[in-house]
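For this chain, numbers begin at 1 and follow the sequence in order.
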Amino acid sequence: MTQNIPLQFIRLPEVIKITGLSRSSIYAKVNPNSAYFDSSFPKPIKLTSANKGATAWSLQEILSWMKSRLDDR
């Protein structure tokens with residue numbers, strides 16, 4: 001499924017739209033100090049060198065994570 005998808009970065013609004021998760025849920029999943037931390041959830045990628053710069057996610061990684069959720073049910 002995800003092998004034919006070209007490498008593409010997506011920003012938070014699209015991650016929210018694709019996964020159906022809220023902004024806070026997404027950030028909780030990538031925060032190791034959160035009770036909702038999910039080590040399998042894709043980590044954001046820094047697009048700039050600035051500390052508070054733009055971040056994105058790999059579309060292919062997000063889709064692979066979603067497929068793993070389906071496979072685990």
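Atom OG of Ser24 sits about 12.0 Å away from atom CG of Asn31, to the nearest 0.5 Å. In this structure, Gln60 CD and Ile10 CD1 are separated by 11.5 Å, a value rounded to the nearest 0.5 Å. Atom CD1 of Ile45 is separated from atom OG1 of Thr55 by 9.0 Å, given to the nearest 0.5 angstrom.
When the shell of 6.0 Å around CZ of Arg69 is examined, it contains more than 12 heavy atoms from other residues, nucleotides or ligands. By the neighbour-count criterion of 12 heavy atoms within 6.0 Å, atom CZ of Phe37 is densely surrounded, having more than that number from other residues, nucleotides or ligands.
Counting heavy atoms from C-beta on, the side chains of Leu63 and Lys67 never come closer than 4.5 Å.
Applying the side-chain contact (heavy atoms from CB on, under 4.5 Å) test to Thr48 and every residue at least two apart in sequence or in another chain returns Ala50, Ala54. Considering only residues two or more places apart in sequence or on other chains, Leu21 meets the side-chain contact (heavy atoms from CB on, under 4.5 Å) condition with Thr19, Ser25, Ile26, Lys29, Phe41, Trp65.
Residue Ile16 comes nearest to Ser22 through the heavy atom pair CG1-C, 4.4 Å, listed as atom of the first residue, atom of the second, then distance. Scanning both residues, Asp38 and Lys43, for their nearest heavy atoms gives O-NZ, 4.2 Å. The nearest pair of heavy atoms linking Trp57 to Pro42 is NE1-O, 3.2 Å.
Residues Tyr27 and Ile18 share a single hydrophobic cluster, defined by chaining ILVMFWY side chains whose heavy atoms lie under 4.5 Å apart.
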